[in-house]
Novice: 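My structure is below; once you've seen it, I'll send some questions.
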Amino acid sequence: MRHFLRHALITSGVAGLVLASGTAVRAAAPDDPNIPSVCGDRRPADPQAGTYGMQLDGTFRHPSLTPAGEERFSFPGGAQDLFGKTKGYDPKSYLEGPIKLEAAYRGAEFTPDYFHSWQNIVDFDGRRYLFQYDRSEGRVYDVTDVRKVKIVESLSRNDIKAEYGENVELKDGKDWKAHDYWGASTIQWNTKLGAYVMVQSFEQKRQVGELGDSVEHSKFHNAEGVEKLRETTSFKGFKVYRLDGPRKKDWKLLATVTTDGSADNPLNAPVDGPQQGSGSLDVPYWTGGKYMFVAAAPLDTWSNTEVPTYLYSAGYQAYDMSDPAKPKKIGEWHRKGQVAGESADYAKNPRCGNQTSWMGARMPLFIPKPVEEGGKYGFAALGGYGLSVLDISNPAKMTEVSHLDLPMSVGGTEADNVDVSQFEKTGMIYVSGYPLGEDCHEPYKDIFQIDVRDPAKPRIVGALPRPEPAAAAPFGDYCQRGGSFGPKRSGYYTSPGEPRQGLLPYAFYNAGVQFFDTRDPKHPKIVAQFVPAGFAKGVPDYALGNQTHGTYVEWDRKIAWVFTNDGIYAISSKKLLGTPNLGKPAKPFRTSAR
């Protein structure tokens, strides 16, 4: 049974507090003191049927509040009515605006992970290579000829036999040793070494057999699962490699650094037991120079987050990378309320106790200009904690300049991505979360336009327009198409060539890739969209809703790559991106663009 105290007001910020209704919430801490309990159990109830869905004017009314979960939810006129023959997902694709589909590569060989993947570009010996991977599943493609992409390496753990729910990463396989995999990476040219250097994140796995979204299986009601997860032996931190070629055999390990704050020596520490904290989350921020920033919870006490399947609330660490073989931690920052023992501050957040919200960083700082080049600011997307503007001019002493609480959008993920590509020209940044549910069974995730011309006074001044289906589509709103609908991310903070000012391509799940024109910040508009097929027979049911989840633009060759649960697409636009080069790049990718 789900316990729900709707719109309860907290009158005290410490254990033993009482709601305004007079109902006492749970005051005693659970067995694990690092599971937050100060606000008790305020998990939202499922919204009542009929309170959301298609409206008479053809728009969709979203629920205002939903609990954690990724189940399908039918509504009259929805995807399960429109696309019953294809499991409630639209099998067609759509292209609208001045864009052209150059190539499509569909199927398992072009989908290392159906649910999500990371990408990088590298150049060796006049050839261009695309990396696509997620932990143990990885591919290396030769994309020198955009229309004749070749697979040059395929990595997997599918040779390992394991029981259901067992973590295969703890076993040796043909491609990976135990505890090893391909973590979310930044790859930059390092002038000191005269080579590409790859920094890979290694973190606590987020989808685990020990915990689940259901009430009884969540961390709040599953002490056995939490204890088992705490006892797991796995490396948490980051690894640094020199790349002498595009294949895994060309990687040379330079350093292994744990983010475990209790380790005596973080550099090359052995993995001989459980490590504390989260490890390094998602793609580290590093442009090949002196300073690197990662998102991490260094200790188990960095734990004030409501998401039911995850134990940590990440802040940020800064590293000196002058010698890539000897990274040195020089700074650390978190927002007050993230750490156990800061319950009074945590209880001030209206999400406290909802057993749904991700609270803390998922990505490292978003930085418009590297510190080495005179950059001063980093933008911290902290999930349900909102947006913080940090002064990082001295990475050893990162300080908060200002903070902005964002409108609640629960469930789903809030404050995940910050696009800073327009900041230096317009003073605008674009902040968004992303959907976790299907069939729009959660509040819509706006891409907020935030004016930070005065970094001490950030303010929301608008939002990018909501995508609308192509004229040929047999539905009036993307909520009717099946799958998740909302922004993921706008690509990568470095890429070959110079990004075009005022153009923001966003991966938008079942709405494909949306191209936003922001040259006039007062009147942003969508100028094109490419929406791949939303159903393919080879995609497993669990991933059918997780459609377009990534985009990567080669600004030098004027090609945009689109990554879906069913493969990879290459698109061009002479008007938006410039005249495409479908062959060998004019020069290798060496200097990171912003």
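All residue numbers in this chain count up from 1 along the given sequence.
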Novice: Honestly, is Arg72 close enough over Tyr89, meaning NZ or CZ under 6.0 Å from the six-membered ring centre and within 45° of the axis?
Specialist: yes
Novice: Go through the side-chain N and O atoms of Asp113 and Tyr133 and say whether any donor and acceptor fall under 3.5 Å apart.
Specialist: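 No, because no side-chain N or O of Asp113 sits under 3.5 Å from a partner of the opposite role on Tyr133.
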Novice: So, are Glu102 and Arg147 salt-bridged, with charged N and O less than 4.0 Å apart?
Specialist: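 Result for this pair is yes, salt bridge flagged.
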Novice: State, without any angle test, whether Ser280 and Ser201 hold a side-chain donor-acceptor pair at a distance under 3.5 Å.
Specialist: yes
Novice: Applying the side-chain contact (heavy atoms from CB on, under 4.5 Å) criterion to Arg489, which one of Thr551, Asp419, Asp282 satisfies it?
Specialist: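 Only match with Arg489 under side-chain contact (heavy atoms from CB on, under 4.5 Å): Asp282.
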Novice: Does any donor atom in the side chain of Arg351 or Ser357 lie under 3.5 Å from an acceptor atom in the other side chain?
Specialist: no
Novice: Looking at Arg43 and Glu306, is there a salt bridge between them, counting it only when a charged N and a carboxylate O are closer than 4.0 Å?
Specialist: no
Novice: Please tabulate, for side-chain N and O atoms in residues 428-437, each donor-acceptor pair with protein atoms closer than 3.5 Å (sequence neighbours left out).
Specialist:
{"residue": "Tyr434", "atom": "OH", "partner": "Arg362", "partner atom": "NE", "Å": "3.3"}
{"residue": "Tyr434", "atom": "OH", "partner": "Arg362", "partner atom": "NH2", "Å": "2.1"}

Novice: Examine the side chains of Ser156 and Glu137 and answer whether a donor and an acceptor come within less than 3.5 Å of each other.
Specialist: yes
Novice: Are Asp416 and Thr413 linked by a side-chain donor-acceptor pair shorter than 3.5 Å?
Specialist: no
Novice: Check whether the side chains of Gln204 and Ser278 place a donor and an acceptor atom closer than 3.5 Å, and report yes or no.
Specialist: no
Novice: Looking at every heavy atom in both Gly315 and Ala361, which two are closest together, and how far apart are they?
Specialist: O-CB, 4.3 Å
Novice: Step through it carefully: locate the ring centre of Phe110, locate the ring centre of Tyr141, and say whether they are under 6.0 Å apart.
Specialist: yes
Novice: Would you say Val122 and Ile187 make side-chain contact, with heavy atoms under 4.5 Å?
Specialist: yes
Novice: Compute the centroid of each ring, for Tyr552 and then for Tyr492, and state whether the two points are separated by less than 6.0 Å.
Specialist: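 Distance test on ring centres: under 6.0 Å, yes.
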Novice: Determine whether the aromatic ring centres of Phe485 and Phe508 lie less than 6.0 Å apart.
Specialist: yes
Novice: Whether Arg481 engages the ring of Phe475 as a cation-pi pair (distance to the six-membered ring centre under 6.0 angstrom, angle to the ring normal within 45°) should be assessed.
Specialist: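 The answer is no, since Arg481 fails at least one limit relative to Phe475.
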Novice: Do Tyr569 and Tyr105 make the cut of ring centroids closer than 6.0 angstrom?
Specialist: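 Aromatic pair excluded; centres sit 6.0 Å or further apart.
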Novice: Decide whether Trp561 and Glu554 meet the rule of one side-chain donor and one side-chain acceptor closer than 3.5 Å.
Specialist: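 There is such a pair (donor and acceptor under 3.5 Å, judged by atom type) between the side chains of Trp561 and Glu554.
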Novice: Testing the 3.5 Å rule here: is there a donor-acceptor pair between the side chains of Glu96 and Gln529?
Specialist: yes
Novice: Would you say the side chains of Tyr509 and Lys445 form a donor-acceptor pair under 3.5 Å?
Specialist: no
Novice: Indicate the atoms forming the closest heavy-atom contact of Ile460 with Pro407, along with that distance.
Specialist: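 Between these two residues, the closest heavy atoms are CD1-CD, 3.7 Å.
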Novice: Taking the ring of Phe131 and the ring of Trp182, is the distance between their centroids below 6.0 Å?
Specialist: yes
Novice: Which ring-ring contact (aromatic ring centres under 6.0 Å, His included) pairs, counting each pair once, include a residue from residues 58-81, with sequence neighbours left out?
Specialist: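 Listed once each, the pairs are Phe60-His62, Phe60-Phe75, His62-Tyr444, Phe73-His441.
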Novice: If you round to the nearest 0.5 Å, how far is CG of Leu65 from OG1 of Thr356?
Specialist: 7.5 Å
Novice: Under the ring pair (Phe, Tyr, Trp, His ring centres under 6.0 Å) criterion, do Tyr181 and Phe202 qualify, and how do the steps go?
Specialist: CA-CA 8 Å; Tyr181 53 83; Phe202 283 72; 4.5 Å; yes
